[in-house]
2 protein chains.
Amino acid sequence: MSDEKKAAKHKASMEKQKESVDASIAAADEERGLIILLTGDGKGKSSSAFGMVMRSLGYGYKVGVVQFIKGAQLSGEEIFIRDKHPEVYFYQMGTGFTWDTQDRDGDIAAAEATWAHAEKLLKDDSYHLVVLDEMTYMLAFKYLDEERILTALQQRPREQTVVVTGRGGGKGIRDIADTVAEINDQKHAYRAGVKARKGVDF
Amino acid sequence: MSDEKKAAKHKASMEKQKESVDASIAAADEERGLIILLTGDGKGKSSSAFGMVMRSLGYGYKVGVVQFIKGAQLSGEEIFIRDKHPEVYFYQMGTGFTWDTQDRDGDIAAAEATWAHAEKLLKDDSYHLVVLDEMTYMLAFKYLDEERILTALQQRPREQTVVVTGRGGGKGIRDIADTVAEINDQKHAYRAGVKARKGVDF
């Protein structure tokens, strides 16, 4: 095919694609906050939530982050928010992974105390974005009552977006979510013997 | 089951999980930068890359971001980096999606000019993290020569991590990547008629 023909073919194909993209954009006209579930066993659930934090901060929106499980080990996102963006509401459960503590009653008490922070944010319409990092484990382990969580998520302010991360999470949260992205682990450096990396994995 | 029995059972199961997690951690002892490919059709590829940017900035590492395709429309991450973190090296191709331009030669020239920025970062060992956002499309559309890209990625400094995002990308980049996460779109608010959201989607 001549270069000229190639260019013409490309143009025609791109025109078609543009029509289809434009039509979808025109059809999506409801404006409101979302429930986004980032799940699966692959890398990038929490990172993705923090990318949205960055976006919202770019526009000057108020952001709240509640980290379940995480917090026993220092992370880059923790340092970044605490040192450089103290305007973000930030709370960590801070008890480490539950397989480190091995204490079910202690975990439940910590989960409840952490949930209280989440609940406060979910009632405050000044927050544009609320991240509930690793919250699905609280449901999976039955540390928190599912019904109560789902109700609080659904009754949040209309303009507020809430991002929930973590593997699993169950049918209930999938059903009420507007967007569900499942991150599949196709290959992981960790399995090839490479250590978790500062600034990348934590 | 009594509460006491439940707690004991939980403890035993968590102990087992801890052993398995500890063993994997001990086995992963190589320390070096990674090639990470974030692909698939779901929400969160670029967001996840920006979450890693946040992590690296937390530790005070140098970060470079090159955005292919994006840049014609203003985004939260662009405002955030330009206004609040000018220490990040940031370059955008800025020609909009290729189905908007419908000009193959112009796209190729823009892709080459953008790649020059990526190449510079991939040769500079002062950068801990380099994000090549939406770069897979340059390969899919054959705007850039695959062999040259793969060689540059592989010859980058040993301690540098590079994150490539975008749908597809082909076998070549999957093969050289250390970590590949595929983000699957299980549900998307967009399809239910909800408009893309500021601070969340862009």
At a heavy-atom distance under 4.5 Å, which candidate from A:His188, A:Arg82, A:Met52, A:Glu182 has the highest pair count against chain B? A:Glu182
Are the side chains of B:Tyr59 and A:Phe80 in contact, using a 4.5 Å heavy-atom criterion? no
Could you tell me which portion of A:Lys198 (side chain, backbone, both or neither) has an atom closer than 4.5 angstrom to a non-hydrogen atom of chain B? both
Measuring only between side-chain heavy atoms, which start at C-beta, is A:Thr161 closer than 4.5 Å to A:Asp178? no
Can you say whether A:Arg174 sits under 4.5 Å from chain B via the side chain, the backbone, both, or neither, judging by heavy atoms? both
Paired with A:Leu121, the side chain to side chain contact (heavy atoms under 4.5 Å, CB included) test is passed by just one of A:Val66, A:Val65, A:Leu132, A:Val63, namely A:Val66
With respect to chain B, which residue among A:Glu31, A:Lys45, A:Arg191, A:Arg197 yields the maximal number of heavy-atom pairs within a distance under 4.5 Å? A:Arg197
So which of B:Asp185, B:Val200, B:Ile79 has the largest heavy-atom pair count under 4.5 angstrom toward chain A? B:Val200
In terms of heavy-atom pairs under 4.5 Å, which option from A:Ala196, A:Ala192, A:Ala177, A:Gly60 contacts chain B the most? A:Ala177
Counting heavy-atom pairs under 4.5 Å to chain B, which of A:Val194, A:Asp201, A:Ile81 comes out on top? A:Val194
If only side-chain N and O atoms count, and only distance matters, is there a donor-acceptor pair under 3.5 Å linking B:Gln92 with B:Glu78? yes
With no hydrogens and no angle check, do the side chains of A:Lys120 and A:Tyr89 hold a donor and an acceptor under 3.5 Å apart? yes
Measuring from A:Ile183:CD1 to B:Lys43:NZ, what's the distance to the nearest 0.5 Å? 10.5 Å
Rounded to the nearest 0.5 angstrom, the NE2-CG distance for B:His85 and B:Leu57 is 6.5 Å
Kindly say whether the aromatic ring centers of A:Phe90 and A:His117 come within a distance under 6.0 Å. no
Quick check on the structure: residues of residues 32-42 of chain B within a heavy-atom distance below 4.5 Å of chain A, by number. B:Arg32, B:Gly33, B:Leu34, B:Ile36, B:Leu38
If I measure from the heavy atoms of chain B, does A:His128 come under 4.5 Å with its side chain, its backbone, both, or neither? side chain
Ranked by heavy-atom pairs below 4.5 Å to chain A, first place among B:Gly58, B:Ser75, B:Gly51, B:Ser48 goes to B:Ser48
What pairs of residues pass the salt bridge (charged side-chain N to carboxylate O under 4.0 Å, His left out) test when at least one of them lies in residues 137-150 of chain B, not counting sequence neighbours? B:Glu112-B:Arg148
Over 12 foreign heavy atoms within 6.0 Å of NZ, A:Lys84: yes
